[in-house]
Amino acid sequence: MSQAALAKDSGLPPSSIAHFEAGTRKPSFDSLRKLANALSVTTDFLLGRTDNPEGAAEADPLYRDMQKLNDENRRQAADFMRFLAEKHDREAAKK
Amino acid sequence: MTGNPDLKQKQLMRRAELVLQEHGLLTLPVDLDALAQAVGVHLREMDRRAEGVSGMLMRYGDQFGIMYATHTDNEGFERFSIGHEFGHYFVDGHLDHIPFDGGVHRSRAGFVSEEPYEREADYFSAGLLMPTSLIRPILRQAREGLPSVEAIRSEAKASLTASAIRYINETDDAAAIVVSRQGRVDYCFKSEALKQLKGQNWLRKGAALPTGTLTASVAARPAAERQGRREEAETDILDWFGGDRTARTVEQVVDLGRYDRVLTVLSCAEIVDDTYKDADDLEESDEGMESRWTPRFRR
């Protein structure tokens with residue numbers, strides 16, 4: 001896919017695509033998602049966290065530095081992360 | 001932060017404004033729920049006991065979420081925290097620099113963060129909640145000083161301190177804001193017009209408030225006496241920042257309640273008015289000259 005085509009499909013400026021490819025600028029999370037959608041790959045693949053373009057998210061060691069939060073906060077964060085994981089799995093299953 | 005910090009700050013605020021424009025959300029108060037929905041970021045309130053953590057950006061694969069604190073009972077603070085996490089999401093390069101522990105990035109509260117990427121997220125948030133193109137018309141209508149700050153706060157649903165900082169960024173008035181805590185300066189910002197005055201000092205973090213000022217006397221009172229109070233006095237800009245030139249200044253003081261903090265808004269209309277005066281009018285009167293050369297002692 002050419003830079004121009006990727007710019008068109010992702011809605012990002014062609015100059016940004018050129019910068020990302022050359023490594024002179026790093027994208028934002030928002031741009032990363034737009035690129036992943038346009039390329040039909042996952043953000044984890046673009047981040048180099050998995051070799052499988054359609055692969056599920058790499059398993060993170062969750063909450064290894066959560067000591068600043070109290071138990072209730074930790075529970076809520078874990079609950080929200082589970083929600084995001086389920087959402088991710090549902091979206092992945094649709095593809 | 002790299003390069004010229006003022007330029008970087010403007011770029012980040014502009015970036016936030018472009019995001020709003022892209023999603024047709026450039027109106028006040030900015031609808032953060034609508035933005036979250038438009039970009040597919042899930043928002044969730046954090047438990048009220050989560051004091052000390054203002055927000056978290058979370059990621060699982062392609063799914064993103066923001067949890068935000070509600071313990072302050074301050075809508076402006078909550079909105080600023082959400083805007084800050086959006087900053088980490090929208091600003092280029094943050095994905096490599098903000099620490100994600102197990103898919104979670106946590107941020108601490110405050111407009112004046114020490115860490116460069118946290119500061120960038122703060123600037124983005126300020127631009128997101130109070131975009132320049134929407135703030136400027138408010139400032140054209142409101143009176144200088146605290147009324148302008150309050151007009152921004154009310155229209156943008158922002159916190160008083162964040163509104164005060166945006167006022168200083170955008171105003172053509174010669175003005176300054178000082179946020180102090182227990183009689184010591186937390187931070188101080190001057191408007192561009194005020195920065196033009198030569199020979200002035202900056203009030204550094206931790207410096208004592210100038211003695212004899214209304215703010216110093218308000219700060220010295222017990223918290224219960226100060227609570228929710230707003231006061232105003234006439235002063236001279238020399239009393240606050242020294243320098244070469246005397247200028248009548250309105251000092252407006254607001255107790256911020258939490259953590260013994262006090263906001264001071266200083267505005268001196270006559271400095272801006274000079275732009276439109278003839279050179280002859282600028283010659284100092286004898287009285288002004290005498291006042292200028294009389295040694296000034298802090299009262």
Side-chain angles (χ1 to χ4, degrees), chain A residues 11-13 16 19-20 23-37 41-47 49-50 54-92 95, chain B residues 2 12 15-16 18-19 22-23 35 38-53 55-71 85-108 117 120-121 124:
Chain A
L12 293 168
S16 296
H19 277 298
F20 300 153
T24 47
R25 240 172 61 194
K26 298 283 185 178
S28 65
F29 284 115
D30 190 55
S31 302
L32 186 75
R33 276 173 108 184
K34 286 176 174 169
L35 289 171
N37 279 339
V41 297
T42 63
T43 51
D44 280 301
F45 178 72
L46 288 183
L47 287 171
R49 304 182 85 188
T50 170
E54 295 167 6
E58 191 174 85
D60 275 320
L62 294 178
Y63 317 126
R64 61 187 146 80
D65 186 28
M66 298 291 272
Q67 67 271 23
K68 287 171 193 154
L69 305 181
N70 63 32
D71 288 346
E72 176 58 19
N73 302 144
R74 253 182 240 132
R75 190 194 62 73
Q76 285 189 58
D79 184 52
F80 194 34
M81 189 60 99
R82 263 195 302 277
F83 165 80
L84 295 177
E86 284 164 14
K87 191 95 183 146
H88 171 85
D89 292 344
R90 275 202 300 277
E91 294 295 321
K95 285 179 184 170
Chain B
T2 54
L12 290 161
R15 171 84 182 104
L18 288 173
V19 165
E22 183 187 339
H23 296 288
L35 177 63
V39 298
V41 170
H42 307 279
L43 292 185
R44 188 178 280 188
E45 284 184 7
M46 233 183 323
D47 185 84
R48 303 184 73 77
R49 288 164 289 179
E51 191 149 4
V53 180
M56 299 186 209
L57 176 63
M58 303 172 86
R59 183 178 85 88
Y60 188 95
D62 295 345
Q63 296 296 319
F64 286 79
I66 291 173
M67 287 192 90
Y68 59 95
T70 54
H71 65 265
E85 300 307 325
F86 269 129
H88 288 313
Y89 177 78
F90 279 110
V91 177
D92 284 353
H94 278 224
L95 57 82
D96 270 358
H97 292 279
I98 62 168
F100 263 86
D101 297 318
V104 181
H105 170 72
R106 294 175 296 283
S107 297
R108 290 200 168 253
Y117 286 92
E120 286 193 3
F124 181 92

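Just the heavy atoms: all of them, side chains too, but no hydrogens, waters or symmetry mates, feed the values below. Note that the structure is a prediction, hence the values are computed from the model and not measured.
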(message) For Glu45(B) versus Gln76(A), what's the shortest heavy-atom pair and its separation?
(response) O-OE1, 3.8 Å

(message) Using heavy-atom distances under 4.5 Å, tell me whether Ala36(A) contacts chain B through its side chain, its backbone, both, or neither.
(response) neither

(request) Applying side-chain contact (heavy atoms from CB on, under 4.5 Å), run through Phe83(A) and Arg44(B) and close with a yes or a no. (result) CA-CA 11 Å; Phe83(A) 165 80; Arg44(B) 188 178 280 188; 3.9 Å; yes

(message) Out of Ser16(A), Pro27(A), Ser28(A), return the one with the most heavy atom pairs under 4.5 angstrom to chain B.
(response) Ser28(A)

(message) Can you tell me how the ring of Phe29(A) sits relative to the ring of Tyr89(B), calling it parallel under 30°, perpendicular over 60° and tilted otherwise?
(response) parallel

(message) Please determine whether side-chain contact (heavy atoms from CB on, under 4.5 Å) holds for the pair Leu84(A) and Met58(B), giving the CA-CA distance in whole Å, both sets of side-chain angles, and the decisive distance to 0.1 Å.
(response) CA-CA 8 Å; Leu84(A) 295 177; Met58(B) 303 172 86; 3.8 Å; yes

(request) Heavy-atom distances under 4.5 Å only: say whether Val39(B) touches chain A with side chain, backbone, both or neither. (result) both

(request) Mind listing the closest non-hydrogen atom pair of Arg33(A) and Gly40(B) along with its distance? (result) NH2-O, 2.9 Å

(request) Applying side chain to side chain donor-acceptor pair (under 3.5 Å), name anything that partners Thr43(A), two or more places apart in sequence or on another chain. (result) Arg59(B), Asp62(B)

(request) With side-chain contact (heavy atoms from CB on, under 4.5 Å) as the test, would you mind laying out the steps for Phe80(A) and His42(B) before giving the verdict? (result) CA-CA 9 Å; Phe80(A) 194 34; His42(B) 307 279; 4.0 Å; yes

